[in-house]
Every structure is written in C-alpha cells, then in structure tokens.
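We number each residue from 1, following the sequence as shown. Counting starts at 1 for both ligands and their atoms, following the listed order.
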Amino acid sequence: MLTYIEPLYRPPSEADSLILQVTIGCSYNRCSFCSMYRSKRYEERSWDEIKAEIDYASQEYPNTRRVFLADGDALNIKTEYMLSILDYLYRSFPKLERVSCYAMPKNLLQKSREELVALKDAGLKLLYIGIESGSDTVLRKVTKGATSKGIVEGCLKAKSAGIQLSCMLILGLGGRRYSKEHALESARVSSIIAPEYLAALTLLLDDVVRDEFMSKFGEPFEPLSDIEILDELKMLVEHIEPIDDKKIIFRANHASNPYPIKAVLPDDRARTMALIDELKARPDRLKASYLRRF
Ligand code: SF4
C-alpha cells in the first residue's frame with residue numbers, strides 16, 4: 001500500500017495525479033513564511049521503499065497518466081537516482097504521460113544542463129518552483145536562500161533543457177513597505193523566465209512561523225489589506241511582459257487568494273486590470289478571510 005508521511009502537499013493542478021513520496025520534507029526548510037515541512041526532517045526514501053510503492057500503485061492504478069513526486073524539493077535527489085525512479089515509473093505505468101515535482105532554484109543551480117536534459121528525456125516534464133518574489137530585498141528578508149539572479153539562471157537552465165515550469169509568487173510577501181518593489185521586480189523576473197504557468201498566491205502566515213517571520217524580516221512588517229493586495233496584483237499584471245512574445249498562463253486562484261483570477265498574459269492584461277479595479281470597488285465580492293488558507 002502507499003504510505004504517506006504527513007503532512008503531504010501537492011499543487012492544486014496535481015489533484016488527479018498519483019502522488020509518490022520520494023523525499024520527506026524540504027532539504028532547506030528555512031523560508032521564514034513556510035510552515036509546510038517544519039514537522040519533518042529531510043530524508044530521501046530508499047529504493048526498496050519507492051519500488052514497493054510503485055509496484056503496489058501499478059497494480060491498483062494501472063491507468064495512471066500523471067505522477068507527482070513529493071515532498072518539498074524532490075529534485076534535490078541525485079540525478080542518477082531520479083533517473084532510476086523515472087525509468088521504473090514509465091516501465092510500470094504504460095499510460096504514464098507526465099512526471100512532475102516541486103523544485104527549489106538551488107536544485108536547478110546544482111544540476112548541469114545535461115543532467116536536466118537527461119531528466120526531461122526520462123519523462124520529468126514539469127517543475128513547480130516557488131520563486132516567491134523577484135525582489136532581492138524581499139527574498140533576503142524572508143530567508144528564501146535564493147537571489148533573483150540565481151532564480152533566473154536556474155529557471156532558464158531548466159527551460160533550455162525543455163522542462164516546463166510552473167512558478168509561484170506570493171502577494172503581500174514584502175509587506176506595505178516593499179509592495180511596489182516586490183510587484184515590479186517579480187514582474188521583471190517572471191517576464192525574463194516566461195514560465196508556461198505562473199501562480200500568484202497570497203501570504204497567510206501560519207502560527208507556527210509567525211514570530212520567526214516577523215523577527216527575520218528585520219523591521220516591523222505591515223501586512224497588506226485586501227485592497228492593497230489587489231493593488232499589488234494589478235501592478236504585477238500590468239508589468240509582466242514575457243520575453244520573445246511568449247504567453248504565460250497566469251493564475252491567482254489559489255485557496256489563499258481573495259478572488260479567483262485566471263488570465264493569459266499579456267493578452268488578457270487589460271481585462272484583468274479592469275476586473276481588479278471592479279473588485280476594489282466591490283470588496284464584498286472578495287472571499288471572507290476565514291475561508292482562505294495557504
Ligand atoms: S518554501 Fe519551499 S524551499 Fe522554502 S521551506 Fe517551504 S518547501 Fe522549502
């Protein structure tokens with residue numbers, strides 16, 4: 001049977017995928033806003049464990065088309081090991097079309113382009129990457145362990161290897177003081193990377209990390225109101241200009257967002273900005289804060 005070590009997270013778009021836990025926790029686990037894996041110590045599951053799970057799942061769910069490799073940064077595992085897992089997955093599930101996982105910018109920087117090409121050729125087709133912000137000030141204050149330069153370098157390397165990217169930003173992450181810088185720099189970095197998918201979540205601090213977040217921020221953190229979040233989102237949408245005429249499928253429809261927004265950028269820019277203005281004028285249309293979760 002499949003044994004999950006809780007808590008288990010997956011992107012909303014992997015709701016119908018088989019989740020296979022190849023690592024436990026996050027190899028970094030120090031982003032000050034993130035409580036997801038605080039209860040876990042990072043480790044990689046043994047080949048015997050992973051093989052047994054694949055053997056079981058291939059009997060129970062033989063028609064599996066998509067597999068998501070958990071936990072927080074499964075791409076941290078050595079390339080050879082990941083290639084073995086991918087090979088066994090595709091041999092075990094004849095209808096398998098796509099394997100994906102979360103990755104940190106650091107994971108991408110630590111692998112060569114050739115390694116990423118090998119992983120893509122072996123069927124690792126999509127990476128979910130939390131870039132959170134394009135602002136180096138904000139990245140430093142939330143102890144992301146990454147710079148905007150490293151994020152761009154890592155993401156472009158993955159893209160040049162043919163791997164699709166789904167990147168995530170967090171609205172409100174810089175508080176009131178850095179809101180403009182956060183929006184503009186996030187738009188700049190997103191435009192250069194031009195990921196296939198871009199999601200803007202909204203900051204919601206779990207009690208487990210609240211004090212740590214405030215203290216690491218290094219100055220009083222002023223959270224954004226719903227209207228200010230919409231202002232930040234509008235500034236982001238206004239300034240995303242994907243390079244080489246690329247299109248970005250943009251989503252701000254996570255459970256943490258005050259209102260679900262979907263767009264293709266830059267085509268839907270004007271419509272999306274007009275919608276945001278409408279929402280600012282009608283805050284009663286926003287989701288109640290107690291219904292939101294990160
Ligand atoms: S945000 Fe990602 S990299 Fe940072 S601690 Fe959480 S899971 Fe790890």
Side-chain angles (χ1 to χ4, degrees), residues 4-14 19-45 68-77 82 100-111 126-155 157-158 163 165-175 182 185-186 189-190 193 195 197-217 221 254-257 293-294:
Y4 294 121
I5 299 176
E6 304 278 350
L8 184 71
Y9 297 93
R10 51 127 183 101
S13 50
E14 300 287 346
I19 312 295
L20 182 67
Q21 214 168 16
V22 298
T23 59
I24 310 296
C26 165
S27 70
Y28 179 64
N29 218 10
R30 293 199 293 278
C31 299
S32 65
F33 56 87
C34 174
S35 58
M36 290 163 71
Y37 303 107
R38 291 299 174 102
S39 60
K40 294 178 170 181
R41 211 181 64 191
Y42 177 78
E43 60 180 285
E44 292 163 10
R45 297 186 87 183
F68 176 77
L69 303 176
D71 273 342
D73 62 332
L75 195 66
N76 187 57
I77 61 182
M82 183 62 99
S100 60
C101 69
Y102 285 132
M104 285 170 51
K106 172 173 76 83
N107 306 145
L108 296 171
L109 292 174
Q110 285 171 344
K111 295 202 188 296
L126 174 67
L127 294 175
Y128 295 89
I129 302 178
I131 61 178
E132 333 299 6
S133 177
S135 155
D136 283 315
T137 310
V138 175
L139 289 168
R140 194 175 62 250
K141 283 181 167 290
V142 302
T143 56
K144 178 65 194 172
T147 62
S148 61
K149 184 165 175 282
I151 289 170
V152 168
E153 185 183 331
C155 288
K157 190 173 9 167
I163 300 177
L165 298 184
S166 179
C167 293
M168 290 157 281
L169 298 167
I170 302 179
L171 298 169
L173 192 61
H182 176 50
E185 287 297 289
S186 296
V189 164
S190 302
I193 299 171
Y197 308 94
L198 180 67
L201 287 64
T202 301
L203 180 69
L204 285 179
L205 286 174
D206 189 292
D207 288 344
V208 173
V209 293
R210 186 182 307 277
D211 288 349
E212 179 186 325
F213 177 88
M214 296 299 173
S215 126
K216 284 183 170 171
F217 202 76
F221 177 82
H254 185 257
S256 61
N257 293 115
R293 59 193 166 72
F294 201 57

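When hydrogens are left out, the protein atom nearest atom 2 (Fe) of ligand 1 is Lys144 NZ, 4.1 Å; that is the closest non-hydrogen contact.
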Exercise. Let me see the working for Ser13 and Tyr128 under side-chain hydrogen bond (donor to acceptor under 3.5 Å, both in side chains), right down to the final yes or no.
Key: CA-CA 10 Å; Ser13 50; Tyr128 295 89; 3.0 Å; yes

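Ala146 is linked by a side-chain contact (heavy atoms from CB on, under 4.5 Å) to Pro105, Lys144, Ile151, counting only residues two or more places apart in sequence or in another chain.
Less than 4.0 angstrom separates some heavy atom of Met104 from each of these atoms of ligand 1: 3 (S).
Protein nitrogen, oxygen and sulfur atoms, that is N, O or S, within less than 2.8 Å of atom 6 (Fe) of ligand 1 amount to 1.
Interatomic distance, SG of Cys26 versus OH of Tyr28, reported as 8.5 Å (0.5 Å rounding). Taking OG from Ser186 and CG from Leu139, the interatomic distance works out to 8.0 Å, rounded to the nearest 0.5 Å.
Asp136 and Ser148 form a side-chain donor-acceptor contact under 3.5 Å, judged by distance and modelled atom types alone.
Aromatic ring centroids of Tyr9 and Tyr37 lie under 6.0 Å apart.
Considering Glu14, Gln21, Met82 as possible partners of Leu69, the one that fulfils the side chain to side chain contact (heavy atoms under 4.5 Å, CB included) test is Met82.
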